[in-house]
Amino acid sequence: MEKVPCIQCGNLILPRTVEKTGGLCMPCKNGAMRCPCSRCGKLTFVSRQPIQPILCSICYNQERPTEIDEFIRKHGGGDCSLLSRLYRLDERLRRERKDAWIGLNLMDPPERSESDSAPRNSIAFAEVGVDYVHFNLISWRGRVSDDSAVVLTFSGGDEPASEQNLLVGQSLYEFLCLGARAGFAPLGDLPYHWDKAIEELENDPVLDEAGKDEREVLRIYREELQLKPWPRVRERLEELQRLRKTLLRF
């Protein structure tokens with residue numbers, strides 16, 4: 001179905017919307033205004049009484065302060081300095097517009113996963129960005145710390161929940177080191193292409209010119225968080241899977 005422009009703002013809308021509104025998109029029909037973003041200049045919808053400064057959704061996300069301090073206050077159970085530094089680094093990179101996709105999209109603040117596959121004793125803190133794969137910190141009585149193990153949760157169809165999780169670090173630091181060389185995107189393939197994903201994690205990525213931003217962000221991660229890539233990816237991952245039953249609760 002071919003879309004047509006709104007008669008007020010020019011945004012493309014469906015013909016059935018045109019019939020209902022007399023040619024207006026829903027934001028225009030509801031009285032929204034289009035004003036330039038105070039940061040990038042892009043026109044964005046705001047209410048009749050906008051809060052200054054006006055920011056588009058992209059700039060708002062870049063300006064948004066992290067909520068990790070409040071989360072640690074409520075759910076921290078020990079040393080959370082690395083967790084805090086991770087979120088502070090993410091916040092800084094967003095503000096500097098260096099938030100290239102490396103397969104670790106932080107959930108700010110972390111929260112209990114809604115996935116039926118996730119362990120009961122876990123709190124989700126990041127997503128890969130594809131295929132509903134996310135990372136959880138294993139909690140102790142609802143509290144997490146830098147010593148919390150990290151589990152990758154994925155959708156496994158008819159498999160039992162216990163088989164839809166892979167341990168990818170016995171601590172937050174070990175997990176971050178796993179993705180320090182090639183990024184965290186290959187982890188999303190572990191449940192489906194184990195050997196291929198491990199090969200990517202063990203070797204320096206072959207990136208074209210379009211991947212220079214990802215390389216730069218990974219370099220910053222390694223330097224700022226003092227990360228050291230795993231020397232033996234396959235062996236260590238296999239060791240970790242033997243610990244699943246002792247750490248995960250379903």
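Considering only residues two or more places apart in sequence or on other chains, R88 meets the salt bridge (charged side-chain N to carboxylate O under 4.0 Å, His left out) condition with D69, E91. Partners of D146 by salt bridge (charged side-chain N to carboxylate O under 4.0 Å, His left out), not counting sequence neighbours: none found. A search for side-chain contact (heavy atoms from CB on, under 4.5 Å) contacts involving E70 returns R73, K74, not counting sequence neighbours. By the side-chain contact (heavy atoms from CB on, under 4.5 Å) test, S113 is found to be paired with S115, A118, A124, H134, N136, residues two or more places apart in sequence or in another chain being considered. With sequence neighbours left out, the salt bridge (charged side-chain N to carboxylate O under 4.0 Å, His left out) criterion links R120 to no other residue. A search for side-chain contact (heavy atoms from CB on, under 4.5 Å) contacts involving Q170 returns E174, R236, L240, L243, not counting sequence neighbours. Every residue two or more places apart in sequence or in another chain that forms a side-chain hydrogen bond (donor to acceptor under 3.5 Å, both in side chains) with K196 is listed here: E200.
Closest non-hydrogen pair, L237 versus L167, comes out as CD2-O, 3.9 Å. Contact record, S117 with Q164: OG-OE1, 2.5 Å, taken as the closest heavy-atom pair. Summarising the geometry of A126 relative to L104, their closest heavy-atom pair is CB-CD1, 3.6 Å, with the distance given to 0.1 Å. Closest of all the heavy-atom pairs between N203 and A182 is O-CB, 4.0 Å. Nearest heavy atoms, R244 versus E163: NH2-OE1, 4.0 Å. When all heavy atoms of N105 and G129 are compared, the pair lying nearest together is ND2-CA, 3.6 Å.
Contact of the I68 side chain with the P109 side chain is not registered, since no non-hydrogen atoms from C-beta on lie closer than 4.5 Å. Side chains of V217 and D99 form no contact here, defined as non-hydrogen atoms less than 4.5 Å apart. In this structure, L106 and E127 have side chains that are not in contact, with every pair of non-hydrogen atoms separated by 4.5 Å or more. Counting heavy atoms from C-beta outward, S122 and L137 have side chains that stay 4.5 Å or more apart. Between S162 and L248, every side-chain heavy-atom pair lies at or beyond the 4.5 Å cut-off.
A donor-acceptor pair shorter than 3.5 Å can be found between the side chains of D108 and T66. Side-chain contact of D147 with S171: a donor-acceptor pair under 3.5 Å is absent, judged by distance alone.
Among residues at least two apart or in separate chains, salt bridge (charged side-chain N to carboxylate O under 4.0 Å, His left out) pairs with a member in residues 222-233 are R92-E224, R219-E223, R232-E239. Under the ring-ring contact (aromatic ring centres under 6.0 Å, His included) criterion, the residue pairs touching residues 69-96 are F71-H75, with sequence neighbours excluded. Sorted by first and then second residue, the ring-ring contact (aromatic ring centres under 6.0 Å, His included) pairs with a member in residues 159-190 read F125-F175, F135-F175, F175-F184; sequence neighbours excluded. The stretch residues 215-250 participates, sequence neighbours left out, in no ring-ring contact (aromatic ring centres under 6.0 Å, His included) pair at all.
Distance alone, capped at 3.5 Å, is enough to place a donor-acceptor pair between the W101 side chain and the V128 backbone.
Listed by chain and number, the hydrophobic cluster partners of M107 come to none, as no ILVMFWY side chain reaches under 4.5 Å of it.
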